[in-house]
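Here's the structure we're looking at; comments come further down.
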Amino acid sequence: MLNQEEKLQSEYIDKLKEIVKNKENALSRKLTCQVTTFGCQMNARDSEKLLGILKEAGFEETESDEADFVIYNTCTVRDNANQRVYGRLGALKPIKQRNKDMKIALCGCMTQEQSVIDKLKKSYNFVDLIFGTHNLFCFAELLYRMYTEEKQIVEVWDKTDVIAERLPVDRKYPFKSGINIMFGCNNFCTYCIVPYVRGRERSRKPEEIIEEITKLSADGVNEVMLLGQNVNSYGKNLENPVSFAELLREVEKIDGIKRIRFMTSHPKDLSDELIEVMRDSGKLCKHIHLPLQSGSDRILKAMNRVYNKEQYIDLALKIRKAIPDISITTDIIVGFPGETREDVMETVDVINRVKFDNAFTFIYSKRTGTPAAAMENQVSESEVKENFDIVLTAVQNMAKEQLGRFLGETVEVLCEGLNEQDDSCVDGRMSQNIIVHFKGDESMIGKYFKVRLSDFHGFYYDGEIVE
Ligand code: 5AD
Ligand code: SF4
């Protein structure tokens, strides 16, 4: 059953269908749309919703910048993501000058910042529609307004209580899907802009999540990725509190779901109950992404991460002990204000002791409005560069050693698509989130195979099907 908001948006989709039809008739062709995603898995999922509504309204998807409607779903976690969006927008301007009917929209985390809105209004007045993360569910209504009101529409909210998830979605993969289980973040790590642009933590009710996954399973999905900024604190603020581990136990019971993943865990909230579920489950993947950010107690404190180096190492080793074949990946920030070479060597020590299977390493990016941006001891670019190379080398050396440890084993892989370089081969994914290339064809996509890992190439395997 649709809730009130979902019904309202469905009515707007019907109105849009008419507008699109009329335009099609006038142009004697289909209208095209391009949806471009920047940033994380949450944004990727949001983009599937944008595309779902556009397709339902009658648009055809294209990758071309010459589309009738272009929307950028933006990220602002680091400044280079913002700069890429401004660059792409600049390139669209001459295209729009040639095609007066073209419409351009911007949404996502960037537009939640007032400074961005000011800049867009001043220097990018050719953008027709700007909205934020809290009113993405109003996309159909906003599109309708964009086509019926001849002015730039800027509609950004600073929060919402509405959860409207039962609207059209166009999934990128037929066999796997992300599912939002919660929105926002309450942690306020001092470098991070997410709590300001995504708002406070809100969990979806377990029964709604189960209903969505059951439907996805009936629609051919066999792998789900439960999404949230901090899934370990899922359910704490619900009227009837539920733990993340309890939610996982329920998801496990859904027929047809073979693999369950989740993203992202905060070390401070990771429970023993979760480790037990992961250990005992036949469906939970043997992979956990557990952001470290820094190995230095001093820096962790300044970051407001609420754990110290030894606590992190103890937790990671406890997970490894319970689930020996698990892969542990992480995020690391280099160049946080006040970080010295000594601090960086503490981070390297954690890399070596935890033996991360892989890590995303980021250069600290100053985000206006966050406490860290106002800290006085910002580190010079040259120092950061040197420290970044030290961390990256440690990560790469460890990843090579760790990822290669499955050579010769026979593992289950999900075939995800044809290999881009060699179309007589397919790419599969192990439970540990490692890619395997093996002989195959399109008919195998979305299915599981037992594959012997015959060769290791640094970050992926070649394999042979055993059965
Ligand atoms: N600078 C650099 N990296 C950041 N991250 C979050 N904020 C910043 C920032 N200001 C990184 C963290 C987080 C990941 C999603 O992005 O490592 O885990
Ligand atoms: Fe940002 Fe910290 Fe929340 Fe992650 S947990 S989104 S790093 S504030």
Side-chain angles (χ1 to χ4, degrees), residues 37-45 74-84 108-110 112-113 115-116 133 178 180-203 225 227-234 236-237 244 262-270 288-296 299-307 312 315 328-339 343-344 347 350-351 356 358-375 378-379 381 384-385 387-388 391-392 395:
T37 313
F38 298 82
C40 67
Q41 306 258 6
M42 308 270 276
N43 267 18
R45 177 66 179 161
T74 63
C75 168
T76 188
V77 81
R78 285 169 292 276
D79 187 55
N80 53 8
N82 292 42
Q83 296 314 322
R84 273 171 51 217
C109 293
M110 229 177 117
Q112 290 293 142
E113 287 177 275
S115 58
V116 170
T133 55
N180 295 114
I181 64 163
M182 59 198 303
F183 306 91
C185 180
N186 285 354
N187 289 319
F188 290 94
C189 302
T190 54
Y191 51 81
C192 186
I193 201 160
V194 167
Y196 307 90
V197 296
R198 286 269 175 184
R200 290 302 71 71
E201 219 167 270
R202 285 174 300 135
S203 295
M225 164 85 91
L227 298 171
Q229 300 295 346
N230 178 16
V231 292
N232 299 108
S233 69
Y234 169 80
K236 287 187 181 154
N237 300 325
F244 180 53
F262 55 84
M263 222 14 164
T264 285
S265 293
H266 193 303
K268 81 179 167 66
D269 297 309
L270 200 146
I288 189 159
H289 187 68
L290 195 61
L292 165 70
Q293 313 300 3
S294 167
S296 150
I299 298 295
L300 285 169
K301 193 147 194 261
M303 286 177 162
N304 189 30
R305 290 293 289 178
V306 205
Y307 54 83
Y312 183 97
L315 175 65
I328 303 183
T329 57
T330 200
D331 291 341
I332 294 168
I333 298 176
V334 179
F336 184 85
E339 188 180 56
D343 296 315
V344 170
T347 303
V350 181
I351 296 169
F356 289 120
N358 223 333
F360 293 109
T361 314
F362 304 111
I363 287 182
Y364 167 71
S365 170
K366 193 170 169 176
R367 308 313 289 130
T368 311
T370 60
M375 293 179 186
Q378 306 281 328
V379 187
E381 223 172 278
V384 174
K385 172 106 201 19
N387 288 340
F388 183 81
V391 173
L392 192 65
V395 163

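Counting convention: from 1, in listed order, for ligands and their atoms alike. For the numbers below, each heavy atom of this structure counts, side chains included, while hydrogens, waters and symmetry mates do not. Quick caveat: nothing in here was measured; it's all calculated off a predicted structure.
- Shortest contact from atom 5 (N) of ligand 1 to any protein heavy atom: Arg78 NH1, 3.5 Å.
- Proximity to Gln229 (heavy-atom distance under 4.0 Å) selects the following atoms of ligand 2: 6 (S).
- With rounding to the nearest 0.5 Å, the separation of OG1 in Thr330 from CZ in Phe356 is 4.0 Å.
- Below 30°, between 30° and 60°, or above 60°: for Phe336 and Tyr191 the angle between ring planes is above 60°, a perpendicular geometry.
- Taking the centre of each ring, Phe388 and Phe362 stay at or above the 6.0 Å mark.
- Checked by distance only, ligand 1 and Asp331 come closer than 3.5 Å through their nitrogen or oxygen atoms.
- The shortest heavy-atom distance from Arg305 to ligand 2 is under 4.0 Å.
- Looking only at atom types and distance, the side chain of Asn304 has no donor-acceptor partner in the side chain of Thr190 under 3.5 Å away.
- If you take CZ on Arg198 and CD on Gln112, they are separated by 8.5 Å, rounding to the nearest 0.5 Å.
- Remark: ligand 2 atoms within the under-4.0 Å shell around heavy atoms of Cys185 are 3 (Fe), 5 (S), 6 (S), 8 (S).
- Within ligand 2, counting atoms from 1 as listed, the ones closer than 4.0 Å to a heavy atom of Asn187 are 5 (S).
- The contact set between ligand 2 and His266, taken as ligand atoms under 4.0 Å from a residue heavy atom, comprises 5 (S).
- If you number the atoms of ligand 2 from 1 as listed, the ones under 4.0 Å from a heavy atom of Pro195 come out as 8 (S).
- Between atom 6 (C) of ligand 1 and the options Val77, Val194, Thr76, the minimum heavy-atom separation is to Val77.
- For atom 17 (O) of ligand 1, the nearest protein heavy atom (residue, atom name, distance) is Gln293 OE1, 2.6 Å.
- Side chains of Ser265 and Asn232: a donor on one and an acceptor on the other come within 3.5 Å.
- Taking atom 1 (Fe) of ligand 2 as the reference point, the nearest protein heavy-atom neighbour is Cys192 SG, 2.3 Å.
- Listed by number with element, the atoms of ligand 1 under 4.0 Å from a non-hydrogen atom of Arg367 are 10 (N).
- Of all atoms in ligand 1, listed by their number and element, those nearer than 4.0 Å to a heavy atom of Tyr364 are 1 (N), 2 (C).
- Considering CG of Leu290 and OG1 of Thr264, their distance stands at 9.5 Å, rounded to 0.5 Å.
- Counting the atoms of ligand 1 from 1 in the order shown, those under 4.0 Å from a heavy atom of Ile333 are 3 (N), 4 (C), 5 (N), 12 (C), 17 (O).
- The ligand atoms of ligand 2 that sit less than 4.0 angstrom from a heavy atom of Tyr191 are 7 (S).
- Scanning Pro267, Ser265, Cys189 for the heavy atom closest to atom 8 (S) of ligand 2 points to Cys189.
- No cation-pi contact links Arg84 to Phe38, judged by a cut-off of 6.0 Å to the six-membered ring centre and 45° from its axis.
- Shortest non-hydrogen contact noted between Phe360 and His289 is CD1-CE1, 3.8 Å.
- In terms of N/O distances under 3.5 Å, ligand 1 is approached by Ser365.
- In this structure the side chain of Asn237 never reaches within 4.5 angstrom of the side chain of Arg202, judged on heavy atoms.
- For the residue pair Ser294 and Glu339, no side-chain donor N or O sits within less than 3.5 Å of a side-chain acceptor on the partner.
- Between the choices Phe362, Tyr191, Phe360, the shortest heavy-atom distance to atom 8 (C) of ligand 1 belongs to Tyr191.
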